[in-house]
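Data block below; observations after.
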Amino acid sequence: MGVSHYLMSIAAILFLVPFSQQTENYECPQKCDCLKQYVDCSKKNLISVPRIPEWVEQLDLSFNRLSEEVTKDFDKLFALKIVKLDKNALHNIPNFLETNQIEEIRLNRNSIEFIDGGHFSVNCSVKTLSLNSNLIRVIEEGALDNLTNLIVLKLNRNEISSLPNHLFMRQSKLEVLELNHNKLHVISGLLFQGLSSLTTLKLKFNNIDNIMDGAFYGFKSVNLLQLDHNRIKTISKGWMYGLESLITLSLSNNLISRIDLGSWELCTNLEMLDLSHNFLMEIEGRTLQHLINLHTLNLCNNNISSVSQEAFSHMVQLQTLLLNNNKISWTVEDMSGPFAKLQNLKLFNLSDNHIKSINSKAFDGLVNLVELDLMGNNITSIQQHAFEAMAKIKKFHLNSSSLLCDCNLLWIVKWIKDKLEQKYITATCAYPSELRGVLISKLKEENCGDSPKPKIVEHPKSHLAIKSKSANLICTATSNPFSNMTFLWRKNNGNISNPTVFENVTMSKKGQSQATSVLIIPNVTNADSGRYQCVVSNKFGTTYSTKAKVNIVTFPRFLKMPSNVTVRTGETVTLDCAATGDPSPEISWKKDGGNDFPAARERRMNVMPSDPRFFIVNAKTTDMGIYSCAAKNHAGTIIANATLNVLQEPSFIRVMENKEVTSGDSVVLQCMISGSPKPVLKWLKDGIPVVHTDRHFFTGDDQLLVIVGVEANDAGKYECEITNELGTKKDMIELKVLPPVAIMVNEEDMTGIIIITVVCCAVGTSIIWVVIIYHTRRRMAAAVHTFPGESVKMTQVVHSDCDSPQMFPDNISEHSSCKDSGTGDSAKQTSFDGVPTERSDQVHFETAVCRSYSPVPEAHKLLPSSFKPSIQVCVNTSVTPATYSFSSHSGNV
Ligand SMILES: *[C@@H]1O[C@H](CO)[C@@H](O)[C@H](O)[C@H]1NC(C)=O
Ligand SMILES: *[C@@H]1O[C@H](CO)[C@@H](O)[C@H](O)[C@H]1NC(C)=O
Ligand SMILES: *[C@@H]1O[C@H](CO)[C@@H](O)[C@H](O)[C@H]1NC(C)=O
Ligand SMILES: *[C@@H]1O[C@H](CO)[C@@H](O)[C@H](O)[C@H]1NC(C)=O
Ligand SMILES: *[C@@H]1O[C@H](CO)[C@@H](O)[C@H](O)[C@H]1NC(C)=O
Ligand SMILES: *[C@@H]1O[C@H](CO)[C@@H](O)[C@H](O)[C@H]1NC(C)=O
Ligand SMILES: *[C@@H]1O[C@H](CO)[C@@H](O)[C@H](O)[C@H]1NC(C)=O
Ligand SMILES: *[C@@H]1O[C@H](CO)[C@@H](O)[C@H](O)[C@H]1NC(C)=O
Ligand SMILES: *[C@@H]1O[C@H](CO)[C@@H](O)[C@H](O)[C@H]1NC(C)=O
């Protein structure tokens, strides 16, 4: 070729392209059509490629019968940018090693079975590669490595069941990857690593059942991910890594029944989510958490029956919500504002659910709703104001033919007229019978009547149920006219599986039939806590009871029980008590059934705040008693008792005093003792035990030995011996008997009244007066004749000091003051029973003021039986001092 020719051809390329086709080398192939740089050889039944002019930029060879040989024919086509080879007979990818400028290759609908290396040169310029509808089963590792400029790769409708790892490491420019209709079943972690520019990934119609954690990791810009028609069962956060920029995610027609909490945390930019045709059963409060930017949510054709109050509460942007073809009923029937936060919702589809009635608050908050579809629900009743919130509604689809057209539905006539394009409403009345078939928009005031829906007369009640015991919930309903009702029990807004229910029909007091359902929980466990509700339906509608809260409590059980303790005085006592239960029981203590703890009063008692154990330091005998530890919670109270015993050695609390007594007089010998347990006291005279006789007797728990009409032989050494399990002690005194005085009264003739007053004070607070009076009828009678003037003699008054400690608490009352009066001034006179009182002589006694007293039962047996005593036990006066006297025949003392 000459230079001029060369220049000419350049000129032809630059300026004369349309005409250059006429020249031999640049001719349009005979069989093909050419338009500028576009050569169309499609649908020519070609089995080989005709001679293609070099200027071709777009070459269409689709719908021919070309096979492998095409490859070499492209070698010189330096201008080729787009080649279409769809629907040929290729079994392999042709070689494009020399066509460095090629940008788009279409190889759809051939018979290519695998993709291997060697067809593209390094950094080749291919941007779009379509391999849809081939028979590709295998893509070799590294096969795509030279395709570094790829932007779109389509592999739809092949037989690919797995992809090698690192396949896409070099495809950092790839934006669209389509793998629909293949046989992938696992998406392993990091499979798509390298696709940092990918925006669209389509994986519809595979067999994907396993998306491993991190499967999409590395995606920085994917905004469309299609996973519809696979076998995915669970949505979890694990495979959501890398989907931060996702805007549309479609997962319809999978097997999804579970959405893990927190799944959406990493894709908060999501605006469109399609979960239709899955197996979701409930939308919990957190199921859709984090999806704050969603504006379209498709949940249709699932199995959703439960929607929690918070389920949609964060989706303020939502504009379209499709919940059609589910099993929703109570969400709309009973809940208060479950959709209330969806202020931007415009389209809401609830068609083909199980909604039977509409609660007045069901659609609260839907202020921007334009279209609501309730077709395919057998709605019987719509509460007043139920649609009030939907101020912008235009289209309202309702076709129920079961409506209960009672007077409560009249409002809807006006609402329909004011708001709606009426053509969407074909709902008709079913009741009352005369209105059957009437369009609700034609309802008139004069036709309406009472509601025959169930009315609940007894709602289930909130209560505490005790673990391992049984619990009942009762629900009673009636209707007018009475009709068969079915009861359904629900817990925490879900149905209870296999409930034990007892139902019957009874007559109320007013003679109206009513049906009762009792839900029995035979053996309460923690899992039974919750909010229970009964749902009563008849053919006219459904009524929901209030929700009864059942909390589970566990009866208290002791972990540590106090045990019986015996200590010596001065020692420290520890009483343990700990209990468990739900709620945690409170521990409290009692002593002898009361709240009086001597140790507490004396600040010897400590209760640890953290540990319900208690200490008594420096134990005293007054601390003895039964200590009860009570553990109490809402389920009940348990009590454990422990006996505290305090041992004290026997001791004398006062030194015994020697005594002198005039013969014929009486004397009292004292041996005041203490000890715990109560010491046994023995009196010995000159080593021989003293026994009681007419003249010798004991009182004050044997601490007092009284000798009446002392005789000379009473003189001697008296020993007091006291013994308890800690030991024995002795003390001794001497009794001297003085000769009788001159004007001595004959003992026989003496009228004796012995008054013994024992004043006992316990711990400075108690007084007991024991007044023992004895006299004999015989002696009295004798005295009357013999000594009319001085017939009565007070022989002795024994007066113990108030500050002496009392050792035997048995007979002592709780408290009293230790005041005792002086002698004398009698204000009142009392006739002394059993005393023959011919003469009314006044005898003045020592009198006492007692706050309270306890009788001393032994007093009887202390006295010689021949005394036939009249015993007057002094005598309690609660506040005012009182004096006692008794009249006898004798004179003043
Ligand atoms: C990449 O290109 C080089 C040279 O152009 C070639 O030798 C090699 O086989 C190609 N690799 C693949 C995987 O196509
Ligand atoms: C291919 O492209 C990459 C990145 O643009 C570059 O680093 C590499 O050197 C290129 N290879 C060849 C053989 O041109
Ligand atoms: C739908 O939910 C019900 C319980 O509400 C269950 O018994 C049933 O098996 C579910 N159906 C499917 C297909 O999951
Ligand atoms: C609705 O009611 C009609 C007649 O009352 C009945 O045939 C139909 O099965 C009901 N549909 C549903 C979903 O309950
Ligand atoms: C009510 O229930 C009883 C017993 O189950 C049945 O015999 C009767 O036919 C029912 N009545 C209606 C109206 O369904
Ligand atoms: C019906 O149930 C109530 C509530 O359990 C019960 O008190 C009553 O005895 C039952 N009546 C009959 C006839 O079984
Ligand atoms: C109640 O259930 C608990 C735990 O399942 C079991 O140990 C206990 O024996 C049951 N009590 C009764 C009365 O059935
Ligand atoms: C504790 O003492 C009481 C009475 O003293 C007795 O009934 C009880 O059995 C004792 N308890 C133990 C565990 O010994
Ligand atoms: C525990 O002691 C209290 C009084 O202290 C008594 O009423 C109760 O019956 C005792 N309980 C037992 C189980 O011993």
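In listed order, ligands and their atoms are each counted from 1. Note that the structure is a prediction, hence the values are computed from the model and not measured.
Atoms of ligand 1 found under 4.0 Å from any heavy atom of Phe120, numbered from 1 in the order shown, are 1 (C), 2 (O), 10 (C), 14 (O). The Gly117 neighbourhood of ligand 1 comprises atoms 12 (C), 13 (C), 14 (O), with distances under 4.0 Å to a heavy atom of that residue. Residue Ser121 has at least one heavy-atom neighbour below 4.0 Å for each of these atoms of ligand 1: 2 (O), 5 (O). Numbered from 1 in the order shown, with element, the atoms of ligand 1 that lie under 4.0 Å from a heavy atom of Asn146 read 1 (C), 2 (O), 3 (C), 8 (C), 10 (C), 11 (N), 12 (C), 14 (O). Atoms of ligand 3 found under 4.0 Å from any heavy atom of Lys327, numbered from 1 in the order shown, are 1 (C), 2 (O), 3 (C). Under a 4.0 Å criterion applied to the non-hydrogen atoms of Val122, ligand 1 contributes the atoms 1 (C), 2 (O), 3 (C), 4 (C), 5 (O). Shown in contact with Gly142 at under 4.0 Å from a heavy atom are these atoms of ligand 1, numbered in order with element: 13 (C).
No hydrogens or angles considered: nothing links the side chains of Asn132 and Ser130 as a donor-acceptor pair under 3.5 Å. For Asp116 and His119, the side-chain atoms include at least one donor-acceptor pair closer than 3.5 Å. In summary, the side chains of Ser125 and Asn149 do not present any donor paired with an acceptor at a separation below 3.5 Å, with no hydrogens or angles considered. Checking Asn253 against His229 by side-chain atom types alone, a donor-acceptor pair falls below 3.5 Å.
Checking only distances, Asn303 does come within under 3.5 Å of ligand 3, N or O to N or O.
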Item to complete: I would like to know whether Arg490 and Asp334 meet salt bridge (charged side-chain N to carboxylate O under 4.0 Å, His left out); could you show each step before the answer?
Response: CA-CA 12 Å; Arg490 301 166 48 75; Asp334 184 45; 5.9 Å; no
Please tabulate protein-ligand N/O pairs under 3.5 Å for ligand 9, atom names and distances to 0.1 Å.
residue, atom, partner, partner atom, Å
ligand 9, 2 (O), Asn641, OD1, 3.2
ligand 9, 2 (O), Asn641, ND2, 2.4
ligand 9, 11 (N), Asn641, ND2, 2.7
ligand 9, 14 (O), Asn641, ND2, 2.9

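Considering only residues two or more places apart in sequence or on other chains, Asn210 meets the side chain to side chain donor-acceptor pair (under 3.5 Å) condition with none of them. Partners of Ser121 by side chain to side chain donor-acceptor pair (under 3.5 Å), not counting sequence neighbours, listed by chain and number: Asn100.
Between Lys204 and Glu178 there is no salt bridge, since no side-chain N of the basic residue sits under 4.0 Å from a carboxylate O of the acidic one. Looking at Glu602 and Arg604, a side-chain N of the basic residue comes within less than 4.0 Å of a carboxylate O on the acidic one, giving a salt bridge.
Counting only residues at least two apart or in different chains, side-chain hydrogen bond (donor to acceptor under 3.5 Å, both in side chains) contacts with residues 633-646 comprise Ser628-Asn641.
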